[in-house]
Amino acid sequence: MPFSPDPSRRSLISLVLGAASAPALVACGRLGKPTPCFSLGVASGCPRPDSLVLWTRLSPEARPGPSEPVRWELAEDEAFRRIVRRGTVTAEADWGHSVHLQPLGLSPSRWYWYRFFAMGQVSATGRTRTAPAPGSLEPVTFAIGSCQRWDHGHYAAWRHLADESPDLVLFLGDYIYEYPSPPGAVRRHEGLVGTHTLTQYRARYAQYKSDPDLQRIHASAPWLVTWDDHEVQNDYAADHSPVLNRRFLRRRLQAYRAWWEHMPLPPSTRPVGSDLQVFDRFDWGALARFHVLDTRQYRDPQACALPGLGGGNTVDGADCPALAEAHRSLLGTAQEQWLADGLGQGSARWDFIAQQALMAPFTWRADVARHWTDGWSGYPAARQRLLDTLAAKRVANPVVLGGDAHANYVCDLHQRADDPGTPVIASEFCGTSISSRGRSQARLDEALPWNPHVRYGRTDERGYVAFRLQAERLEARLRVVSDAADPSATIRTAARFEVAAGRPGAVRA
Ligand SMILES: [Fe+2]
């Protein structure tokens with residue numbers, strides 16, 4: 001529901017609240033116990049030149065009613081002296097008491113502050129911004145993060161990113177993990193059976209969103225979000241569960257709904273039935289276009305799964321002819337076409353393909369091509385179609401952003417993906433996990449010489465990749481925490497790379 005101004009309400013609220021003073025905090029629990037209403041924090045996302053999305057969810061512990069009014073304010077200053085939009089929306093129990101707002105008619109390239117009021121309480125103040133006006137070439141700072149498994153570590157990485165005050169955060173999947181926690185976890189998932197129902201998924205998001213460092217990064221910049229598999233179930237493919245459960249679509253529906261409830265997405269994207277369109281594109285002036293993809297909802301099932309199962313597998317190319325079938329798609333036909341149409345179109349100097357997985361081929365054996373089938377290497381024909389599109393449309397500066405691998409990979413993408421003799425056509429930054437553990441670095445070190453297009457590979461780093469983009473250059477810093485198990489971990493830059501406009505391929509700086 002887009003914002004509709006209500007001037008009479010505006011003056012009334014100003015009178016009640018005063019110009020900038022925060023209202024007195026009172027308990028909002030209905031049982032007389034002081035319970036914070038906004039203990040899940042606030043968030044923003046989907047920045048456009050004239051709009052953005054604001055999000056919060058009333059805490060279940062506060063026992064909000066079936067339809068709880070939530071007032072909100074958007075201001076040009078942190079003290080809320082210059083309020084530019086305000087209104088009231090209803091947080092409905094049917095949608096987990098989540099609030100999704102999309103104020104329109106805002107100014108381009110401007111920072112804003114926002115807050116919510118409900119049940120006598122006020123939320124934390126969030127900071128967000130709009131995208132620049134079309135044609136603008138002002139630089140942008142942004143970061144990619146993914147894979148924040150709660151029971152594998154803390155979110156010090158998010159705190160350090162918030163300290164950097166980026167213009168934009170891209171989240172590339174695995175916001176929650178669906179499992180129960182094994183013994184010896186750094187911190188435990190609540191519940192003993194994992195997430196299967198809407199109630200369980202909602203509770204899992206509420207637990208993740210209780211983390212103060214995650215709340216801090218959400219409150220400091222707008223996000224663009226997509227999902228991977230763990231928001232539903234490990235290695236699922238469209239309506240196929242990895243254990244071939246015939247009732248999977250019912251589980252997926254509940255998981256999709258809970259994901260939407262907890263992400264800063266426009267009200268208009270509220271899921272209908274079992275589908276939810278996640279893919280979208282966002283322009284940052286004339287500098288960048290971000291194509292945010294969904295590699296889960298429309299994909300063909302993974303080829304050559306283990307007997308009696310679905311999901312990913314590590315296979316030799318020669319043993320799995322299905323791998324190369326031309327019709328197999330990771331994005332689905334409609335999204336592939338949508339992406340092809342939007343690449344290199346318009347005025348953007350740089351095209352960022354923001355998605356879940358490692359796009360570059362990666363083989364774990366010296367003698368044969370041995371690939372993991374859940375990522376792009378499991379869909380080589382679809383990957384080649386995308387690379388062919390980049391070449392045919394002469395897309396000037398394509399950069400692929402990814403996650404999922406729990407490792408930092410910086411790669412050259414060649415025009416023929418498996419032929420390093422063909423020109424480099426795009427640069428790839430597959431960022432490591434925020435907290436989820438990676439595989440053995442020794443095993444990766446063994447395999448790196450067989451993958452010369454991989455310029456950097458570290459499985460033992462947790463953190464994010466911070467970018468600064470100008471018209472002529474992209475700079476990347478691989479930011480790594482000292483210990484993901486330590487909530488007060490320090491951060492360092494493990495490596496720096498640069499991509500010069502017109503010269504695909506990242507160079508160590
Ligand atoms: Fe992950």
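Since we're looking at a predicted model, the values are computed, not measured.
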State whether a side-chain donor-acceptor pair under 3.5 Å links [X] with [Y].
{"X": "Tyr201", "Y": "Arg251", "result": "yes"}
{"X": "Gln441", "Y": "Asp445", "result": "yes"}
{"X": "Arg439", "Y": "Thr459", "result": "no"}

Does any part of the side chain of [Y], heavy atoms only, come nearer than 4.5 Å to the side chain of [X], both counted from C-beta?
{"X": "Leu331", "Y": "Leu339", "value": "yes"}
{"X": "Pro47", "Y": "Trp284", "value": "yes"}
{"X": "His230", "Y": "Tyr236", "value": "no"}
{"X": "Pro222", "Y": "Cys46", "value": "no"}
{"X": "Val186", "Y": "Trp150", "value": "no"}
{"X": "Val99", "Y": "Leu101", "value": "yes"}
{"X": "Tyr177", "Y": "Thr195", "value": "no"}
{"X": "Trp376", "Y": "Leu330", "value": "yes"}

A quick test of your reading: do over 12 heavy atoms of other residues, nucleotides or ligands sit less than 6.0 Å from [atom1] of [X]?
{"X": "Arg496", "atom1": "CZ", "result": "no"}
{"X": "Arg246", "atom1": "CZ", "result": "no"}
{"X": "Arg508", "atom1": "CZ", "result": "yes"}
{"X": "Arg365", "atom1": "CZ", "result": "yes"}

Aromatic rings Phe352 and Phe142: how do their planes relate, parallel, tilted or perpendicular, breaks at 30° and 60°?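 Ring orientation of Phe352 relative to Phe142: perpendicular.
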Describe, in one word, how the ring planes of Tyr205 and His262 are oriented to each other, choosing from parallel (under 30°), tilted (30 to 60°) and perpendicular (over 60°). parallel
Tell me whether the centres of the aromatic rings in [X] and [Y] are closer together than 6.0 Å.
{"X": "Phe362", "Y": "Trp364", "result": "yes"}
{"X": "Tyr409", "Y": "Tyr456", "result": "no"}
{"X": "Phe279", "Y": "Trp338", "result": "yes"}
{"X": "His189", "Y": "Tyr208", "result": "yes"}

Taking the basic N atoms (NZ, or NE/NH1/NH2) and the acidic carboxylate oxygens, is any pair closer than 4.0 Å for [X] and [Y]?
{"X": "Glu428", "Y": "Arg455", "result": "no"}
{"X": "Arg289", "Y": "Asp351", "result": "no"}
{"X": "Asp300", "Y": "Arg328", "result": "no"}
{"X": "Glu261", "Y": "Arg202", "result": "yes"}
{"X": "Asp151", "Y": "Arg149", "result": "yes"}
{"X": "Asp275", "Y": "Arg252", "result": "yes"}

Side chain to side chain donor-acceptor pair (under 3.5 Å) evaluation trace for Tyr179 with Gln233: CA-CA 9 Å; Tyr179 306 120; Gln233 184 178 18; over 6 Å; no
Would His406 and Arg437 count as a side chain to side chain contact (heavy atoms under 4.5 Å, CB included) here? Give the steps. CA-CA 6 Å; His406 306 182; Arg437 283 187 206 115; 5.7 Å; no
So, applying salt bridge (Lys or Arg N to Asp or Glu O under 4.0 Å) with Arg299, which one of Asp294, Asp239, Asp235, Asp374 is it?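 The single option meeting the salt bridge (Lys or Arg N to Asp or Glu O under 4.0 Å) with Arg299 is Asp374.
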Taking the six-membered ring of [Y], is NZ or CZ of [X] closer than 6.0 Å to its centre and within 45° of its axis?
{"X": "Arg57", "Y": "Trp95", "answer": "no"}
{"X": "Arg296", "Y": "Trp227", "answer": "no"}
{"X": "Lys209", "Y": "Trp55", "answer": "yes"}
{"X": "Arg48", "Y": "Phe290", "answer": "no"}

Assess the residue pair Arg462 and Thr432 against the criterion (side chain to side chain donor-acceptor pair (under 3.5 Å)); give the C-alpha distance rounded to whole Å, side-chain angles, the decisive distance to 0.1 Å, and a yes or no. CA-CA 6 Å; Arg462 308 278 77 82; Thr432 192; 3.0 Å; yes
Give yes when the SG atoms of Cys304 and Cys320 are nearer than 2.5 Å, otherwise give no.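 Taking the criterion (SG atoms under 2.5 Å apart), Cys320 and Cys304 satisfy it, so yes.
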Glu178 vs Arg204, salt bridge (Lys or Arg N to Asp or Glu O under 4.0 Å): CA-CA, chis, key distance, verdict: CA-CA 8 Å; Glu178 78 278 22; Arg204 186 59 52 95; over 6 Å; no
For Asp341 and Gln345, what are the C-alpha separation, side-chain angles and deciding distance, and is it a side chain to side chain donor-acceptor pair (under 3.5 Å)? CA-CA 7 Å; Asp341 291 345; Gln345 169 220 53; over 6 Å; no
Tell me if a side-chain donor or acceptor on Gln102 pairs with a main-chain N or O of Leu54 at a distance below 3.5 Å. no
Any donor-acceptor pair under 3.5 Å from Asn451 side chain to His453 backbone: no
Among Thr295, Asp404, Asp228, side chain to side chain donor-acceptor pair (under 3.5 Å) partner for Gln356: Thr295
Applying the side chain to side chain donor-acceptor pair (under 3.5 Å) test to Asp211, which of Gln148, His154, Arg187 qualifies? Arg187
Report the C-alpha distance between Glu498 and Arg503 in whole Å, list the side-chain angles of each, state the deciding distance to 0.1 Å, and finish with yes or no for salt bridge (Lys or Arg N to Asp or Glu O under 4.0 Å). CA-CA 10 Å; Glu498 283 188 14; Arg503 282 215 302 278; over 6 Å; no
What's the verdict on side chain to side chain contact (heavy atoms under 4.5 Å, CB included) for Val400 and Leu413, showing C-alpha distance, side-chain angles and the deciding distance? CA-CA 9 Å; Val400 174; Leu413 284 166; 3.5 Å; yes
